[in-house]
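Data block below; observations after.
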Amino acid sequence: MSPQPADTAPPEELTSQAYHITVDDGRDSFCALSIESPDVDAAWLISDTVHSLESMR
C-alpha cells in the first residue's frame, strides 16, 4: 500500500453491522449489511450483499 499524500486527510474508520430482516409478516427474510462512518451522519450504505468489512480487506 502506498503512503498517504501529505495534503490529504487519512481515511476515516468505517463500521459494519449485519442484519437479518424479516418482511411480509415473517413470510420472507434476507440478510443485509450496513457500512457507516461514525463521524458523519449522512455517510452510510446498506446492501443485501452480505460480506463483513473484515473479510473484504
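Count residues from 1 along the sequence.
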Spacing of CD1 belonging to Ile35 relative to CD belonging to Gln17, to within rounding of 0.5 Å
12.0 Å
CH2 of Trp44 to OG of Ser34, rounded to nearest 0.5 Å, is 8.0 Å
Heavy-atom closest pair (Glu13 atom, Pro38 atom, distance to 0.1 Å) is O-CD, 3.3 Å
Residue pair Ala32 / Ile21: nearest heavy atoms and the distance that separates them
CB-CD1, 3.8 Å
Closest heavy-atom pair, Leu33 versus Ser16, reported as atoms and distance to 0.1 Å, is CD1-CB, 4.0 Å
Joint cluster assignment, Val40 & Leu45, ILVMFWY side-chain distance < 4.5 Å
no
Considering residues, nucleotides and ligands other than Asp41, do more than 12 of their heavy atoms fall under 6.0 Å from its CG?
no
